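Both counts, for ligands and for their atoms, begin at 1 and track the order of listing. Just so it is clear, the model here is predicted, and its values are computed rather than measured.
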Amino acid sequence: MNLKYPLFINGKFIETSEKQNIINPSTGKVIAEASLASLKETELALASARAAFDSGPWPHFSLLERREFIFKIVQGILDNAATLAQLETQNTGKPIKETTFMDIPSGAKTFEFAGNNFINYLADEELNVSEEAKSRLLREPLGVVLLIIPWNYPFLIACWKLASALAAGNTVVLKPSSLTPLTALELAKIVHQAGLPAGVVNVINGGGSQIGKELCLDKRVDMISFTGSNETGKEILQYTSKNIKKMTMELGGKSASIVFDDVDLEVAVNSCLASIFLNQGQMCTGMSRVFVQEKIYAKFLADFVGKAKRIKLGLADDFETQMGPLINDAQRKKVIAYIEKAKAEGAELLCGGKIPENAELRNGYFFEPTVLANANAHSHIFKEEVFGPVVLINKFSGSDEAVTLANSVDFGLAACIWSKDLFLAQELARKIIAGTVWINTYGMFYNQLPYGGFKQSGFGKELGREGFLEYTRLKNVILDQSAEGKPLVNYWYGF
Ligand code: NAD
């Protein structure tokens, strides 16, 4: 272990006395040492972001100047793509094929999209409201934005938030999960090399319970953009009730796929496998419940289980690996506890449900892809997010029943519908309570399309025009344009 990761505050890389070992979940070995922020560094980061917004040049640069910086960040990510992918894989256990072809290039594309579009999104709007008045609607940056990132997509989600926040003219404090800070701290290096003024981006590593509360409570923060669990989301909402601030909350999910009997079975089975087992099921939009129409249920189940057993577990940095380890032992224990409870509540275990015996994987946090059938709709596993490679497969007969089952949980993040009847599928998409509905596909995120959850999955959007505008505030400037410049209010008292 020789990698050292300092914090990035006010344009400087700062080593702190308190350090944390960063573990590779494939091997259980220490791969790096990251500095941990204490309250002192938290204060420095907040002060630096505030000063950079209030008196620094960043919010006052022309939009074209700001765009140049954004494109330098794109180039920095592309230049370092292979290293970033390696680090993300070593830190999260996500297979290298996923980080190489998905996470890192998608992060660069998000910055590129922001760079290409934000100038249009920020254009003032002029409205002639009446003969007496016209209005200019101005899109302004909010100020200091706190970006809180989870461990499952540390680089990509940091890019989603940072690209919009910066392009809109804000300054930021970015707090990655203390389990996975490495690629966010690499992003700090890229930002630094791109020449952004000191204090515009500050990246501090630390546990949520240690520094999260101070960050969220602080009045110098104008907005919190949070992605993480429902439990933490609720805590943050409590903190922010002390000081009003803008928020977006991207929380957990218990998403459903509905598979009709007219589908191409092979396509549906293959896609449903990917929709739960990519990233070891540690995906907020993982389709952890699959409802299959009764006529094809038995065949679907047999094919699905047969293929789930063939998924190749392995060390995450091997390009042949299809499933890596879970993030840590605590997460694996949580997954096991859910499976045990599900069995006690009547679910039938069809495959997986255990730690693999392969000696090469002994020191990592691996877990076999797990399929459970006939889980009771009132059981814990049916309603709660497991966040692991565990899928429930149940039968349905009619479309109303399928929609009722899909909507019967507190979450509302995403859903999939598999059918050749596109009319029916689109009708059902209206009835499903979820922020994203995919028809005959899964997991297609586009930078131009807004993404976000309903119900307990949160509020606000990432990506697209709407996601970008979350990082702005709208000012209404009203101008008198009455013919003689004498609106009623000027003479209200008759003087
Ligand atoms: P988490 O809630 O434990 O942590 C998320 C972040 O919040 C981390 O940076 C953590 O340090 C910080 N944090 C923890 N306690 C805090 C506090 N009291 N105050 C301030 N910050 C605090 O989530 P996680 O385990 O890292 O990530 C998994 C969760 O994230 C899952 O529930 C998943 O569904 C969700 N998620 C949602 C989306 C989405 O887009 N909806 C995307 C990815 C992950």
Side-chain angles (χ1 to χ4, degrees), residues 20 25 34 36-37 42 91-92 94 103 106 110 146-161 173-181 183-185 203-218 221 224-242 245 247-255 276 278-288 326-328 330-332 334-335 338 384-388 409-414 434-436 443 445 449-463 467 470:
Q20 176 202 17
L36 278 171
T42 306
N91 196 174
T92 63
K94 193 178 304 193
D103 301 49
S106 302
T110 298
L146 171 60
L147 312 176
I148 305 184
I149 315 290
W151 51 256
N152 66 331
Y153 284 86
F155 183 76
L156 185 56
I157 294 179
C159 289
W160 282 9
K161 294 185 188 301
V173 176
L174 189 157
K175 196 203 90 55
S177 163
S178 54
L179 293 174
T180 55
T183 46
L185 290 161
V203 183
I204 56 170
N205 174 40
S209 51
Q210 283 81 48
I211 60 169
K213 185 173 176 183
E214 312 310 314
L215 288 166
C216 294
L217 276 174
D218 201 286
V221 171
I224 301 174
S225 173
F226 173 73
T227 301
S229 65
N230 195 266
E231 293 70 36
T232 308
K234 283 179 192 157
E235 266 181 63
I236 292 178
L237 282 168
Q238 280 187 5
Y239 305 150
T240 52
S241 70
K242 310 265 187 299
K245 47 190 85 200
M247 299 192 65
T248 57
M249 291 247 148
E250 301 293 347
L251 308 177
K254 193 76 198 178
S255 298
I276 180 63
L278 278 173
N279 198 18
Q280 295 75 250
Q282 300 167 136
M283 291 185 292
C284 49
T285 56
M287 295 289 144
S288 51
L326 304 191
I327 187 71
N328 59 18
Q331 188 65 14
R332 185 166 65 175
K334 184 180 151 203
V335 170
Y338 263 114
E384 296 166 20
E385 185 181 50
V386 176
F387 223 55
V409 295
D410 286 339
F411 295 107
L413 192 56
T436 300
F445 288 90
L449 298 180
Y451 160 77
F454 296 165
K455 299 202 289 187
Q456 298 293 305
S457 294
F459 51 83
K461 298 292 179 197
E462 300 273 11
L463 304 180
E470 296 280 10

Show your working on side chain to side chain contact (heavy atoms under 4.5 Å, CB included) between I157 and E250 and close with a plain yes or no. CA-CA 10 Å; I157 294 179; E250 301 293 347; over 6 Å; no

Would you mind checking which non-hydrogen protein atom is closest to [atom], with the distance to 0.1 Å?
atom	result
atom 27 (O) of ligand 1	P150 CB, 3.3 Å
atom 3 (O) of ligand 1	T232 OG1, 3.8 Å
atom 36 (N) of ligand 1	C284 CB, 3.6 Å
atom 17 (C) of ligand 1	G208 O, 3.6 Å
atom 20 (C) of ligand 1	G212 CA, 3.3 Å
atom 28 (C) of ligand 1	F387 CE2, 3.5 Å
atom 10 (C) of ligand 1	K175 NZ, 3.8 Å
atom 23 (O) of ligand 1	S229 N, 3.4 Å

Go through the steps to decide whether I211 and I204 satisfy the test side chain to side chain contact (heavy atoms under 4.5 Å, CB included), and finish with yes or no. CA-CA 9 Å; I211 60 169; I204 56 170; 4.0 Å; yes

In terms of atom number and element, which parts of ligand 1 are under 4.0 angstrom from non-hydrogen atoms of [X]?
X	answer
I148	6 (C), 7 (O), 9 (O), 12 (C), 21 (N)
I157	42 (C), 43 (C)
G252	32 (O), 34 (O)
P176	9 (O)
N152	43 (C), 44 (C)
E235	18 (N)
L251	34 (O), 37 (C), 38 (C), 39 (C), 41 (N)
W151	24 (P), 25 (O), 26 (O)

If the test is side-chain contact (heavy atoms from CB on, under 4.5 Å), which one of L156, L147, L174 qualifies with K161? L147

Tested for side-chain contact (heavy atoms from CB on, under 4.5 Å) against I327, the lone hit among N152, T180, N91 is T180

Any sub-3.5 Å donor-acceptor pair from S177's side-chain atoms to P150's backbone N or O? no

Consider every N or O of [X] and every N or O of ligand 1, then say whether any pair is closer than 3.5 Å.
X	answer
G207	no
Y239	yes
T227	no

Taking only Lys NZ, Arg NE, NH1 and NH2, and the carboxylate oxygens of Asp or Glu, determine whether K461 and E470 approach each other closer than 4.0 Å. no

Would you kindly specify which portion of [X] sits under 4.0 Å from ligand 1, judged on non-hydrogen atoms: side chain, backbone, both or neither?
X	result
T285	neither
Y451	side chain
I149	backbone

Nearest 0.5 Å, please: how far is [atom2] in [Y] from [atom1] in [X]?
X	Y	atom1	atom2	result
Q282	Q331	CD	CD	5.5 Å
T232	M249	OG1	CE	9.0 Å
I224	M247	CD1	CE	4.5 Å

So is K94 actually on top of F155's ring, under 6.0 Å and inside 45° of the axis? no

Stepwise side chain to side chain donor-acceptor pair (under 3.5 Å) check, E385 with N230: CA-CA 10 Å; E385 185 181 50; N230 195 266; over 6 Å; no

Between F387 and W151, what is the ring plane arrangement, given parallel below 30°, perpendicular above 60°, and tilted in between? perpendicular

Closest to atom 31 (C) of ligand 1 (heavy atoms only, candidates M283, E385, E250) is E385

Could you walk me through whether F226 and T248 satisfy the side chain to side chain contact (heavy atoms under 4.5 Å, CB included) test, starting with their C-alpha distance in whole Å, then the side-chain angles of each, then the deciding distance to 0.1 Å, before giving a yes or no? CA-CA 6 Å; F226 173 73; T248 57; over 6 Å; no

Ring centre gap for W160 and F445 strictly below 6.0 Å: yes

